[in-house]
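Only one structure is covered here, and it is reproduced in the block below.
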Number of protein chains: 2
Amino acid sequence: MSTAEGQPLGESAGGHVDPRVRRTRRLLQQALLELLQEKSFADISIQDIAERATVNRTTFYAHFGDKYALADAVIHERFLEAVTSKLPATPGWQLESLRLLISAVFEFLGGLHEYCSPAGGQFDPLMERAVQQELARILLQWLRQAPASSSAHRWSSRPVPLETLAEVMSWAIFGCAAQWSKREEGKLTAGEMSELVLRILVEGTRRLVPGLEE
Amino acid sequence: MSTAEGQPLGESAGGHVDPRVRRTRRLLQQALLELLQEKSFADISIQDIAERATVNRTTFYAHFGDKYALADAVIHERFLEAVTSKLPATPGWQLESLRLLISAVFEFLGGLHEYCSPAGGQFDPLMERAVQQELARILLQWLRQAPASSSAHRWSSRPVPLETLAEVMSWAIFGCAAQWSKREEGKLTAGEMSELVLRILVEGTRRLVPGLEE
DNA sequence: AGCCTCCTGTTGCCTAGACAACAGAGAGGC
DNA sequence: GCCTCTCTGTTGTCTAGGCAACAGGAGGCT
């Protein structure tokens, strides 16, 4: 079973993972999500998680360094899953893809806050990091496949790296959605907010990476 | 891992079972229940079950001889669970316990029929056997603890074994509930049916095993 | 008939996971 | 102070479960 980090455990040949590993990961994630409905993240011990997952405490450490690493994985995977289920089969640098992506972020964060109990204040920053990272990864992927990506550098003497653009956009979307999701009163709907953010981003990127025109 | 039968697997010292075994059994049962909502019992292969449960096909055979054995275990356990959740903490040979037991049977069978898809016709007899067996076991346990059980033999020259009484009662309750659950039209409610069956049983056992008077 | 495909049981070898036992770090309690 | 909990990481040993490969059965197709 070895230590914890090093290599992912059970992943000898590319892509294929031992079903036991898949199962254990799934059980641990599910256990954490269940416990989050009952107590705050701070009050959840690794023993709690292992017990709920029908997994030995030692096994937990074989997969995750600590509960933060588990939470990180949970958010990454659930968010990715939530997003891809809403996106078209072949998303990319198009108005419709971006619209769906943004509204998926709003819905995910909105749902998350009513799902977990008091949220904890310890769980939030962790979750935020994971969502923003995943979001940036998706956007960068789209940007790299955008046909006009090479022309992005022409308008100005100093070219804008796509990595940076993805970062900026991801923070814009995510930050806005996170703040909105924590608001209690006078809240616009997720759809309304998404549309506003979308328009801003379309306007902001039209000279950098065209292709979003309606 | 050894063959299949012999001893329960993983149960070295009394009562304690390896968490992996508990988990695998649970996953296999859950998988069968899920699949039963999608196809009929006859259309479900062991491969289906193993795959859905994230368990190797070989592992299935380490726990259950075939899918019938699994279904048997599912019904036994789910029924027992459903019943004990409805009964008082210390049930026994009392009117209220019997009332709750009977209505639990009606509700369980009623729920089962709307849960599984076409039911299969192959699954039904199997399930029926398991429910009736569990029911008889519970009743016998109550009868044995009934204070007046020794007087049961006095009224007649030929004494009635409690085992037989439990059998008769279990079939009366179960058979009635099973037939009712398959009826489509002009169905009384589960509560009404339970009450009718209860009265009959109270009347029928008052001279054999008293103690049910209201 | 033959061939193909899918499912069933069963085998031996290898690994993920269970468990006990450890040392260490807090957090109270008195 | 010291003592008792509870939780954390880590180690070595043993076992449940994964996987490949087998032989055999039950359709279905031409």
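In this text, all values refer to a predicted model and were calculated from it rather than measured experimentally. Sequence lines set the chain letters: A, B, ... in the order given, protein chains first and strands last, and positions in each chain run from 1.
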Can you name the residues that form a side chain to side chain contact (heavy atoms under 4.5 Å, CB included) with R20(B), not counting sequence neighbours? D18(B), R23(B)

Between D66(A) and N56(B), just flag the one whose closest nucleotide in DNA chain D comes earlier from the 5' side. D66(A)

Touch class at under 4.0 angstrom, heavy-atom based, for R23(B) against every strand present: sugar-phosphate

Between C1' of dG17(C) and CZ of R20(B), the distance in whole Å: 5 Å

Please determine if a side-chain N or O atom of T59(B) lies less than 4.0 Å away from the OP1 or OP2 oxygen of dA16(D). no

Pairs involving residues 75-88 of chain A, ordered by first then second residue, that meet salt bridge (Lys or Arg N to Asp or Glu O under 4.0 Å) (sequence neighbours left out): K86(A)-E107(A)

Nearest whole angstrom, please: distance from the C1' of dC14(C) to the NE2 of H16(A). 14 Å

For Q47(B) and dG9(C), give me the distance from atom CD to atom P, rounded to whole Å. 11 Å

Does a side-chain N or O from T24(B) land closer than 4.0 Å to OP1 or OP2 of dA16(D), or not? no

Residue set satisfying side chain to side chain donor-acceptor pair (under 3.5 Å) with N56(B), at least two apart, ordered chain then number -> T58(B)

Angle, rounded to 10°, between the helical axes spanning five pairs at each terminus of the helix from dA1(C)-dT30(D) to dC30(C)-dG1(D)? 40°

Between OH of Y68(B) and C1' of dG9(C) the distance, given in whole Å, is 15 Å

Please give, in whole Å, the distance from dC6(C) C1' to D48(B) CG? 11 Å

So does F41(A) get a backbone contact from the side chain of K67(A), meaning a donor-acceptor N/O pair under 3.5 Å? yes

Base of dG9(C) paired with side chain of R57(B) (donor-acceptor, under 3.5 Å): yes

Length of the line joining Y61(A):OH and dC19(C):C1', which is rounded to integer Å: 15 Å

Is the phosphate of dG17(C) approached by H63(A) (side-chain N or O, under 4.0 Å from OP1 or OP2)? yes

Could you state the atom-to-atom distance from CZ of F60(B) to P of dG9(C) in whole Å? 9 Å

Side chain to side chain contact (heavy atoms under 4.5 Å, CB included) with E134(A): which residues, sequence neighbours excluded? H76(A), F79(A), L80(A), R137(A)

Distance in angstrom units between I44(A) CD1 and dT6(D) P, rounded: 19 Å

Which pairs count as salt bridge (Lys or Arg N to Asp or Glu O under 4.0 Å) when at least one residue sits in residues 45-61 of chain A, sequence neighbours excluded? E34(A)-R52(A), E38(A)-R52(A), K39(A)-D48(A)

Would you check if the side chain of T59(A) reaches a backbone N or O of V55(A) as a donor-acceptor pair within less than 3.5 Å? no

Nearest-nucleotide comparison on DNA chain D, the residue closer to the 5′ end among P19(A) and I46(A): I46(A)

